[in-house]
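What follows is a single structure, written as structure tokens, with notes after it.
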2 protein chains.
Amino acid sequence: MGKHRHDDHSHGHTDVPLDALKDKLRAGSRKITGPRQAILDVLRRESHPLTNREILQHLGHEECDLATIYRSMHLLGALGLVRKYDFGDGIARFELVRGDDETHHHHLICTACATVVEIDECFPTALEQTIAAQSGFSKLTHKLEFFGVCPKCQ
Amino acid sequence: MGKHRHDDHSHGHTDVPLDALKDKLRAGSRKITGPRQAILDVLRRESHPLTNREILQHLGHEECDLATIYRSMHLLGALGLVRKYDFGDGIARFELVRGDDETHHHHLICTACATVVEIDECFPTALEQTIAAQSGFSKLTHKLEFFGVCPKCQ
DNA sequence: CTGGTTGCAAACAATTTGCAACCCA
DNA sequence: TGGGTTGCAAATTGTTTGCAACCAG
């Protein structure tokens, strides 16, 4: 609806998601709707995890309903287009999965001003395998976030 | 109230908390009340993080109100007697801090049956310092939990 | 046309809070 | 006695869901 959108096929750089969306959605006989594209657009512009409410604010209440955002995030998450994060405040945050697959990374959040910094240091997968071996568990995953006080807030 | 309680001073083993509680509470001019001791007792018996609601069930609704448990957990957490965990389901869980200080550990949760296994493998503190150095952040902390499918559920 | 989607409002669930009665120190 | 505490109920807030109107394919 009344909002500019990347209908051009001139993919700037890491903008795979739009097409990935179409493919994956089609695979599940789901539809490519306005709200879904709008949400992806918001996520594509932001580099840090967003709250559902934040996504709503970026869109404007007229463009999409909060319930729709919740439902969309479930879907996008299941399709692997979006990843859910937990910053310890009990509010779900979502970030676009840029690379095709394992763009696995973590965040460093300032406990004072909530600034978020991306952490490239990936958690030692070796250790994860050790744990798997010792416990007998399979399909190991982990959630890891760092907290601290950023330079400005110290 | 009509419920047995450890009024005896025969500390079995790792039962520092009871005294630690008294000391720390006194330090803040707080009171050692029945509900607080009862909650600590429950936590002392359990080896895994408990939900506030689970704590309530262990106590019985007559012994302590849910709101009191929430308030107590805030207090106990601030005093460092209890540690809060996040298993990804948006429900806070609390575990007694056994050792005096850094009993820092993590958990491995089965995504099928919710079984919890304690993980001794502590996260490399060295890496945390590297992150601190690179980011300029101070007072680094981290939250880390593992997920997988336990042997029985595979 | 038609089944997946959306908006809106009601339903839920975890957590918080106001306030009068209550109790540890 | 008195200020910290508790119980109870109401209020908040994040998230889910029922349902009729809608729209992409």
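Lettering follows sequence order; numbering is per chain, from 1.
Through direct or relayed side-chain contacts under 4.5 Å between Ile, Leu, Val, Met, Phe, Trp and Tyr, A:Val149 connects to no other residue.
Atom pair A:Arg26:CZ and D:dA24:C1' shows a separation of 12 Å (rounding to whole Å applied). Remark: P of D:dT15 and CG of B:Asp89 are 13 Å apart, rounded to the nearest angstrom. One can place CZ of A:Phe87 at 16 Å from P of D:dG14, the figure rounded to the nearest angstrom. If you take CG of A:Asn52 and P of D:dT17, they are 14 Å apart, rounded to a whole angstrom. In this structure, B:Ile55 atom CD1 and C:dT15 atom P are separated by 11 Å, rounded to whole Å.
Here B:Glu95 pairs with B:His105, B:His107 under the side chain to side chain donor-acceptor pair (under 3.5 Å) rule; sequence neighbours left out. Partners of A:Lys84 by side chain to side chain contact (heavy atoms under 4.5 Å, CB included), not counting sequence neighbours, listed by chain and number: A:Ala92, A:Phe94. Shown here are the salt bridge (charged side-chain N to carboxylate O under 4.0 Å, His left out) partners of B:Asp89, two or more places apart in sequence or in another chain: B:Arg93.
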Mark up nucleotides 4-14 of chain C, 5' to 3', with B wherever a protein heavy atom is under 4.0 angstrom from a base atom, S wherever such an atom reaches only the sugar-phosphate, and - elsewhere.
BSBBBB----S

Pairs of donor and acceptor atoms involving the side chains of residues 70-81 of chain B, under 3.5 Å and at least two apart or interchain, shall be tabulated with distances.
unit_1	atom_1	unit_2	atom_2	d
B:Ser72	OG	B:Thr68	O	2.8

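Side-chain N/O atoms of A:His74 include one lying less than 4.0 angstrom from OP1 or OP2 on D:dT16.
Defined by atom type and a distance below 3.5 Å, a donor-acceptor pair is present between the side-chain atoms of B:Glu128 and B:His142.
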